[in-house]
Structure formats: structure tokens, C-alpha cells
Visitor: 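Can you read through this structure? Questions will come right after.
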Amino acid sequence: MSTVGIDQIGVYTPAQYIETTELAKRRQVDPNKYTIGIGQNQMAVPNPTTDIVSMGANAARTFLSKVDVSQIGLLVVGTESGIDQSKASALFIKSILNLPNQLRAFEVKEACFGATAGVMMAQDYVKTHPGKTALVIASDISRYGLNTGGEVTQGAGAVAMLISEKPRIVEFLPESASYSDDVNDFWRPNYSETAFVDGKYSTEKYLEFFTHTFDDYLKQTQLKVTDFAALTYHLPFTKMGIKAQRLALENQDEATKTRLTAQFEASSKYCRQIGNLYTGSLYLSLVSLLHQGNLNSGDLIGFYSYGSGSVAEFFAGRLVAGYQNEIATNHMQDFLASRQKLSIDEYEAIYTECGKVKTDDYELTPEAVISDGEVYFAGVKDHLRQYKVKGA
Ligand code: HMG
């Protein structure tokens with residue numbers, strides 16, 4: 001049987017952030033609610049030169065020089081922060097990255113599940129197109145509104161993954177368990193810049209769908225909780241994953257509980273510092289685990305993906321021998337430590353600017369606002385979005 005999985009993985013997140021304790025003070029909330037109750041310490045803040053195309057392209061550029069670009073036959077972008085009602089963000093990204101024209105490029109939407117839909121399609125594509133690879137990009141800006149319950153669970157970023165045969169990082173097991181139902185827990189109508197959310201209901205559904213998919217997966221595969229080196233979750237905020245993990249660890253022995261809890265801590269570190277990436281969140285948890293967890297080649301990692309609306313899927317993969325050579329462990333930690341902290345006034349001003357709907361042409365330069373990636377959104381000309389690469 002052919003092996004398929006994640007050959008390369010790269011992350012991009014904005015270079016500005018706020019401290020949630022400072023946000024709590026401004027909102028007259030006990031800071032412990034944000035840092036302990038919700039489990040978020042910092043939150044990435046995107047600026048007007050950042051959108052899902054620039055972030056997605058920047059994430060893919062972290063590893064493109066290491067792969068044979070001519071073999072990429074599929075490009076899927078999972079997002080729920082789309083920039084156009086018709087043209088796929090994948091086509092803008094294809095152009096920025098100079099990918100071949102012999103490519104199937106499109107966008108997928110199902111809330112935070114979009115990227116997992118892409119990963120599943122990519123596996124099927126690679127299995128049926130020997131020698132070809134697929135690029136899956138998860139890119140989103142999580143936006144709820146100033147002074148709302150969801151505000152502290154915002155964030156932004158992108159994760160890009162190359163899916164291939166004989167992958168160098170994670171080899172997926174063939175089984176998976178999915179569950180879908182028509183649920184009104186989170187949605188964003190076309191006329192709204194921010195999502196509508198029934199937060200308490202969404203957490204109930206997330207946990208209910210976790211139980212459905214995890215139980216089904218264990219039944220299908222005959223695997224046990226003790227077989228997993230780590231479980232990773234879609235993390236809209238870290239407390240959410242803690243709640244799911246509690247369900248997974250019910251009736252487990254103390255050694256398993258201790259081991260999986262330590263790995264959960266490692267997998268949730270980046271979420272604590274960045275916030276919700278929507279479609280990219282689960283894969284950010286994987287990167288956080290790969291960088292900070294206690295892992296060995298051959299270890300089994302579980303993945304729980306949840307997208308409001310709602311679709312969930314549980315699947316798993318094994319770490320490939322030599323995976324450590326493919327991940328730049330220190331780079332991400334150094335980047336997070338070097339980000340620029342914004343005051344709450346600065347964050348509110350940037351948030352408001354990003355929310356303005358502009359219908360006339362305008363130009364943005366990296367000097368006009370802090371542009372934090374090589375690829376940036378440069379404004380609109382003749383109703384077409386413009387992207388530039390710094391220094392090009
Ligand atoms: P809230 O009403 O502000 O908070 O909403 P709360 O009152 O429920 O408190 C939160 C926790 O803080 C509670 O702990 C409190 O006890 C604790 P819990 O009972 O949950 O363990 N707390 C404190 N702890 C320590 N010291 C204190 C203190 N005070 C309270 N002083 C909510 C929170 C998450 C609902 C809100 O932020 C929200 O609506 N967020 C957005 C929705 C969301 O993220 N839902 C998650 C599941 S759905 C999903 O994951 C999909 C999603 O990513 C979208 C997509 O698919 O595209 C969102």
C-alpha cells in the first residue's frame with residue numbers, strides 16, 4: 001500500500017500581537033479569565049497589508065525551495081476569510097509562487113474544517129497521480145468584534161503543507177472517522193465583516209463531535225488511547241482542547257494521562273501565543289507539538305479537526321524517521337519572541353482600519369504600515385487585488 005502524508009509544513013503569522021492581560025484590563029475582565037479560563041496569553045494582530053493570500057503565500061515560501069515545484073499538481077486553499085466571491089485565492093497564490101500552469105487550483109470553505117477537506121482530497125490525488133504532490137494551504141483571519149465574548153479568541157495566520165508519497169514528516173494511516181450535521185453555532189453572512197457565534201453552543205458541539213469521531217476511529221482501527229504518543233486538536237483557544245482531551249483521557253491510567261497531558265501542553269503553546277487560525281489551527285497544533293513535544297520516529301499522532309456548521313474528522317499519522325531534519329524548530333520560537341507588542345489603542349485602531357470596506361482604488365506600501373512578510377497585499381487597482389514581494 002502506498003504511503004502518503006505531510007512532506008513539508010510551514011507557518012506564517014503576523015509580526016504584531018497584544019497581551020490578553022492588557023485586553024482584559026481594558027475590557028474590565030479578570031485577566032485570569034483570559035489566561036486560565038480561556039487559556040490565551042497573546043493574540044496575533046493582522047494589519048491592512050495582511051490577508052489570506054499574503055499569509056498563505058508566505059507560509060508556503062518557507063519550504064518551496066526544498067521541493068520540486070514542477071510536480072505540484074494540486075493546490076487547495078482552505079479558508080473562511082475569502083477575498084473574493086468568485087475567484088479562488090488559490091489562483092492569486094499560484095501566481096505569487098510561480099507554480100506551474102498544469103495545476104488544479106481552487107478554494108474550499110467549511111469553516112475551520114476547510115484545510116482538512118483539502119488534506120483529504122490531497123491524499124486521494126497523490127494516491128491516484130503517482131509522482132505528483134499537492135500543496136494544501138490553510139489561511140484565515142479570525143475576527144469577532146471589539147468588546148465581544150469572542151474577541152479574546154481571535155488570531156491570524158496560515159499553515160502550508162506539501163502532501164506527497166513517501167513523506168518526510170508524517171505518514172497518514174488510511175482510516176478516518178468523520179461526522180457532519182446542520183448546526184447553527186457559528187456563521188458569517190455575506191454582509192457581515194465579523195462572525196455570528198453562539199459560543200457556548202459551539203463548544204458543546206465541538207465536544208459532541210469529538211466523541212462521535214474519536215469513538216468511531218478507535219472502533220474502526222482497534223487502536224487504544226495508549227497507542228497514541230500525542231493527540232492534537234483544532235484549538236480555537238487552548239481551554240477548548242483541554243476539554244476534548246479530558247474526554248479522551250476518561251478511564252485511562254495515570255501514566256497515559258500524564259504523558260498525553262504533557263504533549264497537549266507542547267501542542268498548544270503556539271495557539272496560546274497566536275490565537276485561533278481557524279482552518280490552520282489544528283495544523284499549528286501539530287507544528288507546536290513537533291517543535292516542543294517529546295517525540296520519536298514512529299510515534300502515532302491523532303488529529304481532531306472541527307469546523308462549525310458543522311463537520312468533524314478524526315484521523316492519525318506516524319512520524320517518519322528523520323522528520324527532525326525537516327522542521328526548523330528554533331525559527332518559530334525566535335520569531336514569536338521578536339514580534340512587536342501593540343498597545344490596546346493601537347490594536348483597536350488597526351482592527352478598525354482592517355474592517356473598512358473600500359470600493360475605490362488604493363495603494364499600500366510596506367512603509368505605510370508595518371508589513372510583516374515578504375509577500376504583502378499592496379492595495380486595489382481597477383477592482384483587482386494587488387500583491388507584491390518585498391524587494392522584487
Ligand atoms: P465567555 O462567556 O466570555 O466565557 O465565552 P465563560 O463565562 O464561558 O468563561 C470561560 C471560562 O473562563 C470558563 O471556564 C470560566 O469558568 C472561566 P470553563 O467553564 O469553560 O472551564 N473563568 C475564569 N477562570 C479563571 N479566573 C476567572 C474566570 N472567570 C471565568 N476569573 C467563549 C467564552 C469561548 C464562549 C467565547 O470566547 C466565544 O464565543 N468564542 C468564540 C467561539 C469559539 O471559539 N468556540 C469554540 C468551539 S467552535 C470552534 O472551534 C469553531 C471555530 O473555530 C469557528 C470555525 O469553525 O470556523 C470557533
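Each ligand, and each atom within it, is numbered from 1 in the order the structure gives. Quick caveat: nothing in here was measured; it's all calculated off a predicted structure.
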Visitor: Could you name the option among G241, A195, S202, S305 that has the heavy atom nearest to atom 45 (N) of ligand 1?
Guide: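 Result: the heavy atom closest to atom 45 (N) of ligand 1 is in S202.
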Visitor: Among all protein heavy atoms, pick out the one at the shortest distance from atom 29 (N) of ligand 1; state its residue, atom name and that distance to 0.1 Å.
Guide: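 Protein heavy atom at minimum distance: K33 CB, 3.5 Å.
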Visitor: Looking at every heavy atom in both E110 and S308, which two are closest together, and how far apart are they?
Guide: OE2-O, 2.8 Å
Visitor: Can you report which non-hydrogen protein atom sits closest to atom 21 (O) of ligand 1, along with the distance?
Guide: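 That would be K239 NZ, 2.7 Å.
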Visitor: Using a distance-only test with no angle check, is there a side-chain donor-acceptor pair under 3.5 angstrom linking Q154 and Y347?
Guide: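 Q154 vs Y347: donor-acceptor pair found between side chains.
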Visitor: Heavy atoms of the protein only: does one fall short of 4.0 Å from atom 41 (C) of ligand 1?
Guide: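 At least one protein heavy atom is under 4.0 Å away.
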Visitor: Does one side chain, of T213 or D216, offer a donor that lies under 3.5 Å from an acceptor on the other?
Guide: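 Absent: no donor and acceptor within the cut-off.
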Visitor: Can K341 be said to sit on top of Y17's aromatic six-ring, NZ or CZ under 6.0 Å from centre and within 45° of the ring axis?
Guide: no
Visitor: Would K358 pass as a cation-pi partner of Y362, given that its NZ or CZ must be under 6.0 Å from the six-membered ring centre and within 45 degrees of the axis?
Guide: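 Output yes; distance and angle both within limits.
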Visitor: For A244, give me all partners under side chain to side chain contact (heavy atoms under 4.5 Å, CB included), at least two apart in sequence or on another chain.
Guide: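 By the side chain to side chain contact (heavy atoms under 4.5 Å, CB included) rule, A244 matches Y206, L207, F210, Y233.
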Visitor: Output the distance between atom CD1 (I141) and atom CD (E80), rounded to the nearest 0.5 Å.
Guide: 11.5 Å
Visitor: May I ask you to decide whether R385 forms a salt bridge with D51, counting only side-chain N to carboxylate O separations under 4.0 Å?
Guide: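 Yes.
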Visitor: Under a plain distance cut-off of 3.5 Å, with no hydrogens placed, do T133 and Q71 share a side-chain donor-acceptor pair?
Guide: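 Looking only at side-chain atoms, T133 and Q71 do not form any donor-acceptor pair under 3.5 Å.
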Visitor: Does the pair R26/E346 count as a salt bridge with the N-to-O cut at 4.0 Å?
Guide: no
Visitor: What atoms of ligand 1 come within less than 4.0 Å of a heavy atom belonging to E80?
Guide: 55 (C), 57 (O)
Visitor: What is the closest protein heavy atom to atom 51 (C) of ligand 1, and at what distance does it sit?
Guide: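 Protein heavy atom with the smallest distance to atom 51 (C) of ligand 1: S308 OG, 3.2 Å.
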Visitor: Looking only at side chains, do Y306 and S310 share a donor and an acceptor under 3.5 Å apart?
Guide: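 Short answer, yes.
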Visitor: Show which atoms of ligand 1 fall inside a sub-4.0 Å distance from at least one heavy-atom site of M240.
Guide: 46 (C), 47 (C)
Visitor: So, R339 versus Q273: side-chain donor-acceptor pair below 3.5 Å or not?
Guide: no
Visitor: For atom 5 (O) of ligand 1, which protein heavy atom lies nearest, and how many Å away is it?
Guide: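 For atom 5 (O) of ligand 1, the nearest protein heavy atom is K200 NZ, 4.1 Å.
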Visitor: Side chain, backbone, both or neither: which applies to D30 and ligand 1 if a contact is any heavy-atom pair less than 4.0 Å apart?
Guide: side chain
Visitor: So if I count the atoms of ligand 1 from 1 in the order they appear, which ones are less than 4.0 Å from some heavy atom of A111?
Guide: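 With A111 as reference, the close atoms of ligand 1 come out as 55 (C), 56 (O), 57 (O).
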Visitor: Between G149, S142, G39, flag the one that comes closest to atom 37 (O) of ligand 1 by a heavy atom.
Guide: G149
Visitor: Please state which protein non-hydrogen atom is closest to atom 24 (N) of ligand 1 and give its distance, to 0.1 Å?
Guide: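 The closest heavy atom on the protein side is G37 CA, 3.4 Å.
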Visitor: Using every non-hydrogen atom in the two residues, find where I169 and L290 come nearest and quote the distance to one decimal.
Guide: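 For I169 and L290, the tightest heavy-atom pair comes out as CG2-CD1, 4.0 Å.
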Visitor: Who else is in the cluster with V197 when I, L, V, M, F, W and Y are joined by side-chain contacts under 4.5 Å?
Guide: Y144, F186, Y278
Visitor: Does the protein put a heavy atom under 4.0 Å from atom 16 (O) of ligand 1?
Guide: no
Visitor: Closest non-hydrogen protein atom to atom 10 (C) of ligand 1, residue and atom name please, with distance?
Guide: I38 CD1, 3.9 Å
Visitor: Please state which option from P31, S310, C112 has its nearest heavy atom closest to atom 52 (C) of ligand 1.
Guide: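 When every heavy atom of P31, S310, C112 is considered, C112 comes closest to atom 52 (C) of ligand 1.
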Visitor: Within ligand 1, which atoms have a heavy atom of Y206 less than 4.0 Å away?
Guide: 50 (O)
Visitor: Please list, in number order, the atoms of ligand 1 under 4.0 Å from a heavy atom of N276.
Guide: 53 (O)
Visitor: Does K205 reach ligand 1, in the sense of a heavy atom lying below 4.0 Å from it?
Guide: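 No, that is not the case, since the closest heavy atom of the residue is not under 4.0 Å from the ligand.
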Visitor: Among P236, G307, S281, A24, whose heavy atom sits nearest atom 50 (O) of ligand 1?
Guide: P236
Visitor: Could you identify the single nearest non-hydrogen protein atom to atom 39 (O) of ligand 1 and state the distance to 0.1 Å?
Guide: G199 CA, 3.4 Å
Visitor: Can you sort out which atoms of ligand 1 are near H234, meaning under 4.0 Å from one of its heavy atoms?
Guide: 49 (C), 50 (O), 51 (C), 52 (C), 53 (O)
Visitor: Looking at atom 38 (C) of ligand 1, what's its closest protein heavy atom, distance included?
Guide: G150 CA, 3.8 Å
Visitor: Closer than 4.0 Å to some heavy atom of V197 - which atoms of ligand 1 meet that?
Guide: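 Going through ligand 1 atom by atom, the ones under 4.0 Å from V197 are 42 (C).
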Visitor: Using a distance-only test with no angle check, is there a side-chain donor-acceptor pair under 3.5 angstrom linking S343 and D345?
Guide: no
Visitor: As an exercise, identify every atom of ligand 1 less than 4.0 angstrom from a heavy atom of K243.
Guide: 18 (P), 20 (O), 21 (O)
Visitor: Any heavy atom of F113 sitting closer than 4.0 Å to ligand 1?
Guide: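 No, F113 has no heavy atoms under 4.0 Å from ligand 1.
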